[in-house]
Amino acid sequence: MLTSLSNEQVKLVRALQTQRKRREQEKRFVIEGVRLIEEALKANADFDFVFYEETKDERARKLLDELTRRRVSLIQTSTQIMRACADTENPQGVIAVLALPSVKGVWRLEIESPIPNPQSLILICDRISDPGNLGTLLRTAAAANVDAVLLSPDTVEAFNPKVVRAGMGAHFRLPIESLSWDEIKARTANLKIYLADAEHGIRTTQYDLVDWTQPCALIVCSEAEGASNSAKTLAQESVYIPMQRNVESLNAAVAGSIILFEAVRQRKADSEWLIADG
């Protein structure tokens, strides 16, 4: 049983939990809890090792059995080590270190080339600084069958532990990239680009009057800071959600979710969709 805080793997986990630079250097990140690790297994994620506490929970024991079957390195730890390594107040007794996913798939070409899928729906996150908001947007994007999520330079890192938890497995279901605005422009060259804008731009349309069945991208920005100049320059049109006059704006994750599921509503006639189970 691992009990020492000076152990190198313990030090690594704690660094990966708190330091973006270390995650980028190591090309690894941390996930916590049975559900997220189950999602990682479904996606055939590349596991490095797993810390666990002895448990009588049947679901957790089945998870550990499956990890053993897949020959993932399992390391039993003390409660003290688990608490020291966890980013949550009440750890679930299992923490995994994974390799950062490489973004692969038919939608990705070289940097100078656009996303080729003629039915593309891309989410661009602009200056989303709150981890919970970004995680929720990623979760919604996965549920809405978005092709990819592109993060602007001023958006919180996708593999921040709080973003990963709020994403609820979205990181294993869709491509997510942090890019410069030049790279975002290259990726979306053949798409109609809309900016969700509470202030109503010059060319603005109510969100449910837009044709979301065409290849397009949606930029969602921070409700606190608004859209960056780069986002405004890239967007060809802005969209808005009608609200009561005394309401300043919607939360970025809420606004993005409403618009993305309007796209789902319009596209579902030509696609297969599962009924949400809550």
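Positions are given from 1, in the same order as the sequence printed here.
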**OP:** List for me each residue that meets salt bridge (charged side-chain N to carboxylate O under 4.0 Å, His left out) alongside Arg70, sequence neighbours excluded, and say none if there are none.
**Re:** Glu66
Original post:
Excluding sequence neighbours, so at least two apart, what forms salt bridge (charged side-chain N to carboxylate O under 4.0 Å, His left out) with Glu53?
Top reply: none
Original post:
Should Val30 and Val72 be regarded as members of a common hydrophobic cluster, given that ILVMFWY residues are connected when their side-chain heavy atoms come within less than 4.5 Å of each other, either directly or indirectly?
Top reply: no
Original post:
How would you list all residue pairs meeting side-chain hydrogen bond (donor to acceptor under 3.5 Å, both in side chains) that involve residues 87-96, not counting sequence neighbours?
Top reply: Glu32-Thr88, Asp87-Arg165
**OP:** With sequence neighbours excluded, give me every ring-ring contact (aromatic ring centres under 6.0 Å, His included) pair touching residues 65-90.
**Re:** none
**OP:** Check ring-ring contact (aromatic ring centres under 6.0 Å, His included) between Trp212 and all other residues, then give those that pass, not counting sequence neighbours.
**Re:** Tyr194
**OP:** Enter the distance from Met82:CE to Thr77:OG1 here, rounded to the nearest 0.5 Å.
**Re:** 3.5 Å
Subject >> Joint hydrophobic cluster, Ile75 plus Leu12, side-chain heavy atoms closer than 4.5 Å >> reply: yes
Subject >> Contact check, side chains of Ile259 and Val210, non-hydrogen atoms, under 4.5 Å >> reply: no
Subject >> Ile122 and Leu150, any side-chain heavy atoms less than 4.5 Å apart >> reply: yes
Original post:
Is a side-chain donor or acceptor of Arg127 paired with a backbone partner of Gly226 at a separation under 3.5 angstrom?
Top reply: yes
Subject >> Closest non-hydrogen atom pair between Ser73 and Asp48, with its separation >> reply: CB-O, 4.0 Å
Subject >> Verify same cluster id: Leu98, Phe49 (apolar side-chain graph, 4.5 Å) >> reply: no
Original post:
Going hydrophobic residue to hydrophobic residue with side-chain gaps under 4.5 angstrom, can you get from Leu2 over to Leu74?
Top reply: no
Subject >> Ile37 side chain reached by Tyr52 side chain, heavy atoms, under 4.5 Å >> reply: no
Original post:
Which pairs pass salt bridge (charged side-chain N to carboxylate O under 4.0 Å, His left out) with one or both residues in residues 252-262, sequence neighbours excluded?
Top reply: Glu262-Arg265
Subject >> Residue pairs, two or more places apart or on separate chains, that pass ring-ring contact (aromatic ring centres under 6.0 Å, His included) and touch residues 71-100 >> reply: none
**OP:** Go through the structure and list residues passing side chain to side chain contact (heavy atoms under 4.5 Å, CB included) with Gln206, not counting sequence neighbours.
**Re:** Asp208, Leu209, Tyr240, Pro242
Subject >> Euclidean distance, Ile128 CD1 relative to Asp130 CG, rounded to 0.5 Å >> reply: 8.5 Å
**OP:** Grab the two heavy atoms, one from Cys221 and one from Ala227, that are nearest each other, plus how far apart they are.
**Re:** SG-N, 3.5 Å
Subject >> Pair Val13-Gln17, side-chain contact (heavy atoms from CB on, under 4.5 Å): steps then yes or no >> reply: CA-CA 6 Å; Val13 172; Gln17 290 278 45; 4.3 Å; yes
Original post:
What's the spacing between Asn160 CG and Thr18 OG1 if we round to 0.5 Å?
Top reply: 10.5 Å
Subject >> Shortest non-hydrogen contact from Ala158 toward Val163 >> reply: O-CG1, 3.2 Å
Original post:
What distance separates Asp211 CG from Lys192 NZ, expressed to the nearest 0.5 Å?
Top reply: 9.0 Å
Original post:
Is there a side-chain contact between Trp181 and Ile124 (heavy atoms, below 4.5 Å)?
Top reply: yes
**OP:** Identify which one of Asp147, Val220, Leu138 satisfies the side chain to side chain contact (heavy atoms under 4.5 Å, CB included) criterion when paired with Leu123.
**Re:** Val220
**OP:** Could I get the full list of ring-ring contact (aromatic ring centres under 6.0 Å, His included) partners for Phe159, not counting sequence neighbours?
**Re:** Phe29, His171
**OP:** Carefully, step by step, assess Val50 and Val94 under the rule side-chain contact (heavy atoms from CB on, under 4.5 Å).
**Re:** CA-CA 7 Å; Val50 172; Val94 60; 3.6 Å; yes
**OP:** Would you indicate whether the side-chain heavy atoms of Leu218 and Leu260 approach each other to under 4.5 Å?
**Re:** yes
Original post:
Is Ser178 reaching over with its side chain to a backbone N or O of Leu151, donor-acceptor style, under 3.5 angstrom?
Top reply: no
Subject >> Minimum-distance pair of heavy atoms, taken over all atoms of Leu121 and Ala263 >> reply: CD2-CB, 3.9 Å
**OP:** Show the numbers, then the answer: is there a side-chain contact (heavy atoms from CB on, under 4.5 Å) between Glu177 and Arg187?
**Re:** CA-CA 11 Å; Glu177 288 193 272; Arg187 286 287 202 282; 3.2 Å; yes
Subject >> Value rounded to 0.5 Å, distance of CG in Leu16 from NZ in Lys11 >> reply: 14.0 Å
Subject >> Test item: Glu39 side-chain N/O and Met168 main-chain N/O as donor-acceptor pair under 3.5 Å >> reply: no
Original post:
Below 4.5 Å, heavy atoms only, C-beta onward: do Val10 and Ser4 meet side chain to side chain?
Top reply: no
**OP:** Heavy atoms only: give me the nearest Leu195-Ala235 pair and the separation to one decimal.
**Re:** CB-CB, 3.6 Å
Original post:
So, for Ser238 and Asp197, which heavy atoms are closest and what is the spacing to 0.1 Å?
Top reply: CB-CB, 3.9 Å
Original post:
For Lys27, what residues pass the salt bridge (charged side-chain N to carboxylate O under 4.0 Å, His left out) criterion, not counting sequence neighbours?
Top reply: none
Original post:
Residues two or more places apart in sequence or in another chain: which of them pass salt bridge (charged side-chain N to carboxylate O under 4.0 Å, His left out) with Glu24?
Top reply: Arg20
**OP:** For the pair Ser152 (side chain) and Cys125 (backbone), establish whether a donor and an acceptor sit closer than 3.5 Å, ignoring hydrogens and angles.
**Re:** yes
Original post:
Taking atom CD1 of Ile219 and atom CD1 of Ile193, what is their separation to the nearest 0.5 Å?
Top reply: 6.0 Å
Original post:
Side-chain contact, heavy-atom cut-off 4.5 Å: Glu54 with Arg61?
Top reply: yes
Subject >> Salt bridge present between Glu157 and Lys162 (N-O < 4.0 angstrom) >> reply: no
Subject >> Qualifying residues under side-chain hydrogen bond (donor to acceptor under 3.5 Å, both in side chains), relative to Ser228, sequence neighbours excluded >> reply: Asp126
Original post:
Is there side-chain contact between Cys85 and Gln9, with heavy atoms separated by less than 4.5 Å?
Top reply: no
Original post:
Any chain of hydrophobic side-chain contacts (each under 4.5 Å) joining Leu100 to Phe47?
Top reply: yes
Subject >> Step-by-step side-chain contact (heavy atoms from CB on, under 4.5 Å) determination, Leu5 to Gln80 >> reply: CA-CA 9 Å; Leu5 290 172; Gln80 178 191 19; 4.0 Å; yes
